[in-house]
J.: 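Before anything else, here's the structure in question.
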Amino acid sequence: MTKKAKRLSYMKTPTFHRRGFKEVRDSVEKSMGEQFESTLVDELKSSEFMIKKDGVTVHLAKDFGFCWGVERSIALAYEAVEHFPGKTVHITNELIHNPAVNDQLHDMDVQFIEKLGEGKKDFSKVADGDVVILPAFGASFEEMSYFNEKNVDVVDTTCPWVSKVWNTVDQHQRKGLTSVIHGKYAHEETVATVSFCEDYICVKDFKEAEMVADYIVNGGDKEQFLKYFEKAISVGFDPDTMLDKVGLANQTTMYKKETRAIGQMMQKAMMKKFGPVDAKDHYAEFDTICDATQERQDAIHDLVENKDLNLDFILVIGGWDSSNTAHLLEIPQKAGVRSFHIDKAECIGADNTITHRLMSGDIVTEKFIEDIENKDKEIVMGVTSGASTPDASVQDSLGSIFFLKKMSSSGGEVSSGAELWSVDYDAAARLAYEAAGSDGDFGAFQTKYLDETSAMVGKKGLL
C-alpha cells in the first residue's frame with residue numbers, strides 16, 4: 001500500500017476529523033470576526049484601496065491577507081476546542097505563521113507539542129482520549145501514522161493546496177520519478193511533503209536548482225554534491241541514478257516566477273541530456289503554486305510597478321517565519337523600493353524606529369519615516385499582508401503610523417476628541433505613553449488617555 005493510500009485510510013477512521021463541527025460553527029465565526037476583521041481595511045477596500053488620514057496616504061494591495069485555506073484552518077482549530085470541552089487539545093506545530101493567531105490558541109489552552117530539534121518532537125504528553133490538531137502546513141506521514149495507532153481524536157486542518165502537492169509527489173513515485181521540491185527543506189510544509197516521497201531533493205532557490213541541472217547534464221563531484229545537499233535529500237540518494245527522471249513540485253508559498261524558471265531549466269537540462277524527443281519521458285511538471293500566494297505576489301508587484309504612486313515605502317505585515325510573507329518582501333526589495341517586513345504593530349516605535357526582518361532573515365531596528373516632523377510633507381505608503389495575517393493586524397499597524405505622524409507633526413502633543421483618527425487604540429496609547437517619557441503605571445496612563453480621547457471610547461478589549 002502506498003503512503004497516499006495509507007493516509008486516505010487514516011482519514012476514513014471515525015476519530016479523524018476534517019470537516020469541522022457544525023454545532024459550534026456560528027459561535028466560532030462570530031469569535032473570528034471579532035478578533036480578525038477590521039473597519040479600516042473595509043474602508044480601504046470600499047474606497048478603491050486608498051485612503052488619506054492624518055497626513056498619510058495609504059495604498060493597499062488589491063490582494064492581501066487571509067486566504068481561504070488559512071481561514072479554514074483557524075475555524076477548524078477553534079471548532080475543535082469548543083467541540084471537545086474538558087479534553088486536552090494538542091497541536092503538532094504552529095497552526096499558521098502568525099503570532100496573534102498562535103497566541104490566541106495558547107490562550108485557549110491548546111498545548112503546543114515541544115520540538116526537540118532536528119525534526120523531532122516530544123509526543124509523550126499526548127495521552128489516550130486527547131485531541132490532536134494537525135496545522136495548516138500538514139503533518140508528516142510518520143506523525144499521521146503515529147496518531148492513527150493512538151486512542152486520540154485527530155483534527156486535520158491541512159490546507160487543500162498542501163494536500164495537492166502530496167498528491168503530485170505520489171504521482172512522481174508511481175511514475176518512477178525523483179521529486180525535485182522547490183522549497184526550504186526545514187519548513188514545516190516541506191517536511192510534511194517529503195515524508196510522502198520515496199526519492200527526493202529540495203532546492204531552496206534558482207541557484208541550487210542550477211547545481212542540480214548542471215549535475216544532470218554534466219555529472220560532477222558526487223561526494224561534494226551530496227555533502228552540500230545532505231539535509232535536503234532522501235536517505236540513500238544517488239545523483240548518478242536518481243536524477244535521470246525527475247518531477248517538479250513546490251512548497252506552496254514559494255515565489256511562482258522562480259518555480260517556473262526552475263521548471264524551464266530542468267526541462268532544458270533533460271533536452272540536452274536525452275534529446276528533445278525523449279525529454280518528455282524524463283521530466284514532469286505539475287502546477288502546485290497556491291492561487292492565493294500568486295495573487296498576493298501579483299498585487300504587490302502592481303504596487304511596485306505603479307510609479308505614479310510615488311511611494312515612500314511599502315509595509316509588509318506577517319509572521320517573521322512566514323514564507324509567503326517573506327517572498328512578498330522580496331518583490332519591492334529587488335525593485336529597489338524601500339520596504340519593511342514587520343510581524344506586529346509593536347515593531348513601530350514611538351521614537352520613529354521600526355524593527356523589521358531583512359531578506360536575509362536578520363531582525364534589525366532603524367529609523368523609520370524620513371522627515372516625519374515636516375507638517376507639509378505627506379507620507380505616501382503601500383501596504384500588504386501575508387496569507388496568514390488577519391486584517392486586524394493591518395489596522396493595528398496603520399493605526400500606529402497614523403498616530404506617529406500626527407504626534408510628530410504636532411511636536412509630540414497628543415490630540416484628543418473626534419479630530420484624532422485612532423485605529424489601534426492599544427498602539428496609540430502605547431505610543432503616547434512612550435512619547436511622554438512616562439515611567440509610571442501604564443494602566444493608569446491608559447485610563448487617563450481614554451478619558452481625554454473620546455475617539456477611543458468603546459474600543460473592545462482595551463481596558
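Just so it is clear, the structure is predicted and the values come from calculations on it, not from any experiment. Residue numbers run from 1 in the order of the sequence given. We use all heavy atoms of the structure for the numbers below, so side chains are in, but hydrogens, waters and symmetry mates are not.
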J.: Decide, yes or no, whether a salt bridge links Asp26 with Lys30 under the criterion of side-chain N to carboxylate O below 4.0 Å.
T.: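 So Asp26 does not pair with Lys30 through a salt bridge.
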
J.: Can you tell me how far CD of Gln395 sits from CG of Leu40, rounded to the nearest 0.5 angstrom?
T.: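 Reported value, rounded in 0.5 Å steps: 5.5 Å.
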
J.: Could you check whether atom CD of Glu48 has more than 12 heavy atoms from other residues, nucleotides or ligands sitting under 6.0 Å from it?
T.: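 Incorrect, the count does not exceed 12.
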
J.: Could you tell me whether Arg338 and Glu370 have a side-chain N and a carboxylate O separated by less than 4.0 Å?
T.: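 Yes, Arg338 and Glu370 are salt-bridged.
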
J.: So, are Asp153 and Lys87 salt-bridged, with charged N and O less than 4.0 Å apart?
T.: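 Salt bridge present between Asp153 and Lys87.
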
J.: For the pair Glu149 (side chain) and Ser145 (backbone), establish whether a donor and an acceptor sit closer than 3.5 Å, ignoring hydrogens and angles.
T.: no

J.: Looking only at non-hydrogen atoms, find the nearest pair between His83 and Val24 and report the distance.
T.: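 His83 and Val24 have their closest heavy atoms at N-CG1, 4.4 Å.
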
J.: Looking at Glu43 and Lys53, does any basic side-chain N land under 4.0 Å from a carboxylate oxygen?
T.: yes

J.: Would you call Lys377 and Asp312 a salt bridge, using N to O less than 4.0 angstrom?
T.: yes

J.: Mind listing the closest non-hydrogen atom pair of Gln297 and His327 along with its distance?
T.: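 Distance-wise, the nearest heavy atoms are NE2-CB, 4.2 Å.
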
J.: Which pair of non-hydrogen atoms, one from Leu315 and one from Ser397, has the smallest distance, and what is that distance?
T.: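 So the minimum-distance heavy-atom pair works out to CD2-CB, 4.1 Å.
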
J.: What's the separation between atom CG in Leu328 and atom CD in Glu330, rounded to the nearest 0.5 Å?
T.: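 Those atoms lie 9.0 Å apart.
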
J.: Tell me whether Arg7 at atom CZ has more than 12 heavy atoms from other residues, nucleotides or ligands lying less than 6.0 Å away.
T.: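 More than 12 within 6.0 Å, yes.
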
J.: Indicate the atoms forming the closest heavy-atom contact of Gln333 with Met359, along with that distance.
T.: CB-SD, 3.3 Å

J.: Locate the shortest heavy-atom distance separating Phe368 from Thr353; write the atom from each residue and the value.
T.: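 Residues Phe368 and Thr353, closest heavy atoms: CB-C, 3.9 Å.
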
J.: Taking the six-membered ring of Phe64 as reference, does the NZ or CZ atom of Arg296 fall below 6.0 Å from its centre and within a 45° cone about the axis?
T.: no

J.: Can you give me every donor-acceptor pair (side chain of residues 382-394, partner residue at least two apart or in another chain, under 3.5 Å) with its distance?
T.:
residue, atom, partner, partner atom, Å
Ser385, OG, Gly65, N, 3.1
Ser388, OG, His97, O, 3.2
Thr389, OG1, Ile317, O, 3.1

J.: Between atom CE of Met407 and atom NZ of Lys405, what is the distance when rounded to the nearest 0.5 Å?
T.: 12.0 Å

J.: Phe123 vs Phe147 aromatic rings, parallel, tilted or perpendicular, using cut-offs 30° and 60°?
T.: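 Perpendicular.
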
J.: Identify the heavy atoms of Arg72 and Pro160 that sit nearest to each other, and give their distance.
T.: NH1-CD, 3.9 Å

J.: So, are Lys22 and Glu79 salt-bridged, with charged N and O less than 4.0 Å apart?
T.: no

J.: Quick one: sort the Phe36 and Phe66 rings into parallel, tilted or perpendicular, breaks at 30° and 60°.
T.: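 Because their plane-to-plane angle is over 60°, the rings of Phe36 and Phe66 count as perpendicular.
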
J.: Other residues, nucleotides and ligands only: do more than 12 of their heavy atoms fall within 6.0 Å of NZ on Lys3?
T.: yes

